[in-house]
Student: 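What follows is a structure written as structure tokens; I'll ask about it next.
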Number of protein chains: 2
Amino acid sequence: MSSAMNRRQPLSEPTLHRLPVYQRIAREMVRRNLVTTDSKTLSRHSGATPATVRRDLSGLGTLGTRGSGYELTRLISAIDDALGLNRVYDVVVVGMGNLGRALVGSSNFLIRGARLVGVYDSDPQVQGMEIAGLTVHDPAQGLVPAQIGVMCVPAAAAQEVTDMLVAANIHAIVNFSPQVVTYPVGTTVRYVDFSMELQILVYHLINGTGPFGGGVLRTLGFTPPSPRPS
Amino acid sequence: MSSAMNRRQPLSEPTLHRLPVYQRIAREMVRRNLVTTDSKTLSRHSGATPATVRRDLSGLGTLGTRGSGYELTRLISAIDDALGLNRVYDVVVVGMGNLGRALVGSSNFLIRGARLVGVYDSDPQVQGMEIAGLTVHDPAQGLVPAQIGVMCVPAAAAQEVTDMLVAANIHAIVNFSPQVVTYPVGTTVRYVDFSMELQILVYHLINGTGPFGGGVLRTLGFTPPSPRPS
DNA sequence: GGATGTGAAGTAGTTCACAGCC
DNA sequence: GGCTGTGAACTACTTCACATCC
């Protein structure tokens with residue numbers, strides 16, 4: 001039913017980042033027993049303009065109905081499809097401090113298709129504990145095969161853990177450490193940085209962007225790469 | 001010394017989101033006893049092109065030296081200045097589960113200028129505990145005055161807590177709950193969503209964007225607003 | 001020589017506005 | 001009537017390329 005690989009032109013980066021938002025809204029609507037929606041409603045809830053919503057969604061193939069709008073279940077599965085959420089991916093999480101536990105415990109972290117296959121911590125006190133149905137192991141002892149690695153370790157350990165992940169053939173990494181790490185070409189690292197959110201919010205607060213400046217808040221979060229420093 | 005308010009044209013959104021990245025890199029360099037850097041080096045570590053780095057930084061006033069580059073301390077304080085990090089802001093955090101604790105415990109969450117003034121949880125078991133030097137209180141009993149509110153509560157409580165924050169006159173909110181909330185015009189909400197990072201990573205993984213597609217990974221994280229649903 | 005800062009050119013993303021379909 | 005989907009216009013961002021200054 002769901003063939004993820006109908007070769008359309010790749011989604012633009014901004015579109016790619018709005019799709020999960022639309023999906024969340026659509027899921028919420030389903031929860032409220034709604035059946036359809038339209039670009040204007042999605043616009044109000046997402047902050048994108050109706051035209052942008054339509055442009056984004058039209059990139060997923062023909063899924064709206066002129067005159068009435070979008071069927072929610074169809075919309076949700078089309079976005080799943082576009083993002084590849086109908087495929088199964090194995091995820092390991094390294095670092096079982098508060099953040100690591102918060103992540104694996106959060107129902108929304110493991111999205112459709114993502115399967116938690118390993119949890120690690122270098123602290124012997126934590127090793128052996130059962131978290132999210134898995135036993136915590138020492139990452140230095142080797143990692144279970146996976147496609148995605150998540151790092152929730154202190155900044156000081158970030159580079160070392162990155163190297164471990166790369167050595168374990170895991171080339172897609174989400175880094176929650178406030179640390180720029182280096183990695184070989186062919187590896188992807190996404191940085192997630194809480195303090196950045198605060199910084200941006202403070203800026204908007206001072207400059208009146210966001211609340212004022214047009215009514216609708218529009219924000220983009222930038223996260224960096226870093227191929228091969230010296 | 002630091003006058004944040006030299007009225008330049010407001011920073012563009014993409015620039016605004018790269019500045020913290022440059023700053024992090026600069027801080028790391030200072031830690032390694034370096035004194036200056038240049039746009040090419042910042043480019044390598046940030047993933048932006050050298051031209052983009054220069055354009056971004058030139059917006060902060062004249063701070064580079066032709067022929068040699070940027071002095072790190074000057075660069076850091078210029079970014080602080082532009083983002084308003086030299087001003088003091090009061091922050092409250094609602095929700096002291098794993099995530100809330102991880103946040104207030106993380107040294108990088110409270111950036112320069114941000115001051116944690118209140119921590120809250122609706123669980124009586126948690127109330128009274130000392131976390132990050134503060135006693136946890138029941139948010140329903142009222143919140144201490146602050147400029148910024150951070151929500152680390154379950155999705156089901158997100159709307160209620162948003163209303164509390166707004167009632168307490170806190171109009172800048174960071175929402176870590178996977179829940180789209182509604183709020184009055186004049187309030188800013190930034191959504192931070194972990195699962196979104198995974199979704200985007202999965203997309204890049206499938207489509208070969210990022211690792212391939214040009215060598216350097218470039219990613220943008222989009223976070224939504226939502227003014228007034230029905 | 002070498003790196004910044006910036007007009008000018010190029011590219012990407014957004015918004016308009018309307019034809020097409022329900 | 002209403003709402004989608006999309007060429008065309010517009011706006012914003014990025015990149016080039018070079019004059020400028022150390």
Side-chain angles (χ1 to χ4, degrees), chain A residues 8-19 21-22 26 34-44 46-72 74-75 78 82 209 213-222 224-225, chain B residues 8-19 21-22 26 34-44 46-72 74-75 78 82 209 213-222 224-225:
Chain A
R8 342 195 115 272
Q9 64 175 11
L11 303 167
S12 80
E13 209 68 21
T15 297
L16 183 52
H17 295 256
R18 282 188 296 262
L19 290 179
V21 179
Y22 303 148
L34 298 171
V35 176
T36 61
T37 188
D38 56 43
S39 62
K40 203 168 154 207
T41 307
L42 287 171
S43 162
R44 278 218 318 284
S46 70
T49 65
T52 299
V53 172
R54 290 202 299 278
R55 181 85 53 199
D56 285 340
L57 295 182
S58 77
L60 308 186
T62 169
L63 63 96
T65 314
R66 291 171 198 235
S68 58
Y70 303 94
E71 201 199 323
L72 287 170
R74 210 168 138 65
L75 177 59
T209 337
V216 185
L217 161 71
R218 176 89 60 74
T219 44
L220 288 159
F222 191 81
Chain B
R8 343 195 112 273
Q9 65 176 9
L11 302 167
S12 81
E13 209 67 21
T15 297
L16 183 53
H17 295 256
R18 281 187 298 262
L19 290 180
V21 178
Y22 304 147
L34 298 170
V35 176
T36 61
T37 188
D38 55 40
S39 62
K40 204 169 155 208
T41 308
L42 287 171
S43 161
R44 279 219 316 286
S46 71
T49 66
T52 299
V53 172
R54 290 201 299 278
R55 181 81 59 196
D56 286 340
L57 296 182
S58 75
L60 307 188
T62 169
L63 63 96
T65 313
R66 291 169 199 239
S68 58
Y70 303 93
E71 202 200 323
L72 288 170
R74 210 168 138 64
L75 177 59
T209 336
V216 184
L217 162 69
R218 178 88 60 72
T219 45
L220 288 159
F222 192 81

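Both backbone and side-chain heavy atoms feed into the values below; hydrogens, waters and symmetry mates do not. Each chain gets a letter, A, B and so on, in the order its sequence line appears, and its residues count up from 1.
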Student: Over how many whole Å does the gap from A/Glu13 atom CD to D/dT14 atom P extend?
Tutor: 12 Å
Student: Residues in side-chain hydrogen bond (donor to acceptor under 3.5 Å, both in side chains) with B/Ser12, at least two apart?
Tutor: B/Thr15
Student: Could you pull out the protein-nucleic contacts involving nucleotides 16-22 of chain C (nitrogen or oxygen on both sides, under 3.5 Å)?
Tutor:
from: C/dA17; atom 1: N6; to: A/Arg54; atom 2: NH2; distance (Å): 3.1
from: C/dG20; atom 1: N3; to: A/Arg66; atom 2: NH1; distance (Å): 3.3
from: C/dC22; atom 1: O4'; to: A/Arg66; atom 2: O; distance (Å): 3.2

Student: Less than 4.5 Å apart, side chain to side chain, heavy atoms only: is that true for B/Arg55 and B/Thr52?
Tutor: no
Student: Using a heavy-atom cut-off of under 4.0 Å over every strand shown, decide if B/Leu42 touches base, sugar-phosphate, or nothing.
Tutor: nothing
Student: Can you give me the closest heavy-atom contact between A/Leu34 and A/Leu72, atom names plus distance?
Tutor: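 Closest approach of A/Leu34 to A/Leu72, heavy atoms only: O-CD1, 3.3 Å.
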Student: Round to the nearest Å and state the distance from A/Lys40 atom NZ to C/dT15 atom P.
Tutor: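 The answer, rounded to whole Å, is 16 Å.
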Student: How many Å lie between CG on A/Leu60 and C1' on D/dG5, as a whole number?
Tutor: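 Rounded to whole Å, this separation is 13 Å.
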Student: Quickly work out the B/Glu71 CD to C/dT4 P distance and round it to whole Å.
Tutor: 14 Å
Student: Within a strict 4.5 Å, meaning less than it, do heavy atoms of the B/Leu60 and B/Leu11 side chains meet?
Tutor: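 They are in side-chain contact.
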Student: C/dT4, OP1 or OP2 - any side-chain N/O from B/Ser39 closer than 4.0 Å?
Tutor: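 Answer is yes, contact under 4.0 Å.
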Student: Rounding to a whole Å, what distance do you find between A/Leu72:CG and D/dC3:P?
Tutor: 15 Å
Student: Got a second to check how far B/Asp56's CG is from B/Thr49's OG1, nearest 0.5 Å?
Tutor: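 So the gap between those two atoms works out to 8.5 Å.
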Student: For B/Asp56 and C/dG5, give me the distance from atom CG to atom P, rounded to whole Å.
Tutor: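 The answer, rounded to whole Å, is 12 Å.
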Student: If I take atom CZ from residue A/Arg54 and atom CG from residue A/Leu42, how far apart are they, to the nearest 0.5 angstrom?
Tutor: 11.0 Å
Student: When you get a sec, tell me which of D/dT14, C/dT6, C/dT14 is the closest nucleotide to the side chain of A/Thr52?
Tutor: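 Shortest atom-to-atom distance from the side chain points to C/dT14.
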Student: If only atom types and distance count, is the side chain of B/Thr36 paired as donor or acceptor with the main-chain N or O of B/Tyr70 below 3.5 Å?
Tutor: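 No, because the side chain of B/Thr36 does not come within donor-acceptor range (under 3.5 Å) of the backbone of B/Tyr70.
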Student: Quick one: is C/dG2 close enough that its OP1 or OP2 comes under 4.0 Å of any side-chain N or O from B/Tyr70?
Tutor: no
Student: Atom CG of A/Leu75 and atom P of D/dG5: how far apart are they, to the nearest Å?
Tutor: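 Taking atom P of D/dG5 as the reference, CG of A/Leu75 is at 10 Å.
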Student: How many Å lie between CG on B/Leu57 and C1' on C/dT6, as a whole number?
Tutor: 14 Å
Student: Of the listed nucleotides (D/dG5, C/dT14, D/dT14), which one gets closest to any side-chain atom of A/Thr62?
Tutor: D/dG5
